[in-house]
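Reading through the structure tokens given below for one structure.
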There are 2 protein chains.
Amino acid sequence: MARTSLPYSVAQRLPRYLMQVQNLRQVGLKWISSQDLADTLGLTSSTVRQDFSHFDFSGIAKRGYLLKGLEAMLAEVLGADANINMVIIGAGNLGRALALHGQFPARGFKIVGLFDKDPRIVGRKVGRLEVQAMKALPGVIRKSQVAIGVITVPAASAQEVADQLIAAGIRGLLNLAYVHLVVPRHVAVVDARIISSLQELSYAIKAKSRPAARRS
Amino acid sequence: MARTSLPYSVAQRLPRYLMQVQNLRQVGLKWISSQDLADTLGLTSSTVRQDFSHFDFSGIAKRGYLLKGLEAMLAEVLGADANINMVIIGAGNLGRALALHGQFPARGFKIVGLFDKDPRIVGRKVGRLEVQAMKALPGVIRKSQVAIGVITVPAASAQEVADQLIAAGIRGLLNLAYVHLVVPRHVAVVDARIISSLQELSYAIKAKSRPAARRS
DNA sequence: TAGATTGTTAATCGATTAACAATC
DNA sequence: TAGATTGTTAATCGATTAACAATC
């Protein structure tokens, strides 16, 4: 099967498949069965096979899936095979850490600009990048064909920054701020709030420690 | 209704509800209807009411839900009302940025230790914390009743670090490393991989730009 | 009061799992 | 060959939505 847009539940699993496949390859493996892949990710083999059936990619009975082909397929579907340019808005601790993070280029993501509205920070060097003023943002986005804006400003200014990015033609936002962003339909948003993840974890811990509750 | 463990789908929405509720309160609002809350988060009012029906907390016809009570309820369910101690393992850019991040205490999360296995980094100051050697980890976890370990080491050592944390009695892991962690059933894991979020975003962008495909 | 909004039941929808013939 | 594993159909399960009486 092919190219119709995937169920959201499937799309959400793709990054995990890709990660696992890349790590398995690095360990030297060539093939993986749906069962083994499912086990390592906490899924069922049925789910894995159903998921892969959405693509022009086949396994081979008795051997499973060729990891190399699987990686290529997943990377292509996720758009992680081409280079994607990003800007980071907010040169605080988090923004600077991401700007310095060495793993992005290897995965196809390139940071082409780091911005902050605080004039005391503008001009500082962060690795190879220099913190730029917000007014330089539209120019950089257009010139470098920037697809993604990473928002690491405080919650109070995140919506304003999002609006500026959108006005400048950005296509997707990675939001690290503790607010819900309102955006037009053509812009994609993925939230990556550490605080929310910690809350989720805190709940999961409580749930696990609760006296199993099942049949009582 | 009350205390049975929530469907996972519901639990996952709680942090978003809490965030939105806190932000609405900060803006000075006192009440919110299921419809308005749903609109701001991209849900339906039915979903919101269904979700809240799992708790000992009621709205009032014609007014909606009292934000103050809603916040208290969500914080309690998420375990975000008590202080939770955390350690960060990995004092690279990301680990240091999190250690310096000022928002955790206000949300009930306290960082009580920052660790790294590189002896050249051990001893350095990061804000009020000093980077400690891994051998000090078990002591700190036990003495400070640390519930959560935040893993910001490279993928290659993440599993090893997870194992050490688990051996020391940690109850939950926030995993920022690009690997899938294998843990015993009593330990909770929440993944927060920036790379995976970027891949998800990259897919979402592609999906949006694709010629609407609906009826063709 | 009239109308808005809740809480809840029932209907729909979609996602996961089971099962198995086809195949390497 | 025999047996493992795929791809796919059908069955199950769970989550979301619709609908509406109760209520403020």
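Chain A is the first sequence line, chain B the second, and so forth, proteins listed ahead of strands; every chain is numbered from 1.
- Whole-Å rounding puts the A/Leu70 CG to D/dT5 C1' distance at 15 Å.
- Residues B/Leu67 and B/Lys30 form no side-chain contact, since every pair of their non-hydrogen atoms from C-beta on lies 4.5 Å or further apart.
- Phosphate contact (OP1/OP2 of D/dG7, side-chain N/O of A/Ser58, threshold under 4.0 Å): present.
- Under a 3.5 Å cut-off, the side chain of A/Arg96 and the backbone N or O of A/Ala91 do form a donor-acceptor pair.
- Atom CZ in A/Phe52 sits roughly 10 Å away from atom P in D/dG7 (whole-Å rounding).
- A/Arg107 and B/Gln199 share no donor-acceptor pair across their side chains, judged by distance under 3.5 Å alone.
- In this entry the distance linking CD1 of B/Ile60 with P of C/dT6 reads 10 Å, nearest Å.
- When every heavy atom of B/Ser45 is checked against every heavy atom of B/Ser34, the shortest pair comes out as CB-OG, 3.7 Å.
- Judged by distance alone, the side chain of A/Ser157 and the main-chain N or O of A/Glu160 form no donor-acceptor pair under 3.5 Å.
- Between the CD1 atom of A/Ile32 and the P atom of D/dA4 there is a distance of 17 Å, given to the nearest Å.
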**OP:** Report the C-alpha separation of B/Asp36 and B/Trp31 in whole Å, then their side-chain angles, then the decisive distance to 0.1 Å, and conclude whether the side-chain contact (heavy atoms from CB on, under 4.5 Å) test is met.
**Re:** CA-CA 10 Å; B/Asp36 288 351; B/Trp31 297 84; over 6 Å; no
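- Atom pair B/His54:NE2 and C/dT9:C1' shows a separation of 14 Å (rounding to whole Å applied).
- One N or O on the side chain of A/Asn175 and one on the backbone of A/Val179 form a donor-acceptor pair closer than 3.5 Å.
- Residue B/Leu66 contributes atom CG, which lies 16 Å from atom P of C/dT5 at whole-angstrom precision.
- Judged purely by distance below 3.5 Å, without hydrogens or angles, the side chains of B/Asp51 and B/Tyr17 pair a donor atom with an acceptor atom.
- Aromatic ring centres of B/Phe57 and B/Phe52: separated by at least 6.0 Å.
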Between N or O atoms, less than 3.5 Å apart, protein on one side and nucleotides 15-19 of chain D on the other: list the pairs.
| residue | atom | partner | partner atom | Å |
| --- | --- | --- | --- | --- |
| D/dA15 | O5' | B/Ser9 | OG | 3.3 |
| D/dT16 | OP1 | B/Arg13 | NH1 | 3.0 |
| D/dT16 | OP2 | B/Arg13 | NH2 | 3.0 |
| D/dT17 | OP2 | B/Thr44 | OG1 | 3.1 |
| D/dT17 | OP2 | B/Thr47 | OG1 | 3.0 |
| D/dT17 | O4 | B/Gln50 | NE2 | 2.7 |
| D/dA18 | N7 | B/Ser46 | OG | 2.7 |
| D/dA19 | N6 | B/Arg49 | NH2 | 3.1 |

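- Pairing analysis of DNA chain C (Watson-Crick: purine N1 to pyrimidine N3 plus N6-O4 or O6-N4; G-U wobble: N1-O2 and O6-N3; both under 3.5 Å) yields stems of 3 or more pairs at C:3-24 with D:3-24.
- Regarding contacts with the backbone of C/dT6, a side-chain N or O of B/Ser34 is found under 4.0 angstrom from either OP1 or OP2.
- Rounded to whole angstrom, the span from the NZ atom of B/Lys62 across to the C1' atom of C/dT1 amounts to 10 Å.
- Going from atom CH2 of A/Trp31 over to atom P of C/dC24 covers 12 Å, rounded to whole Å.
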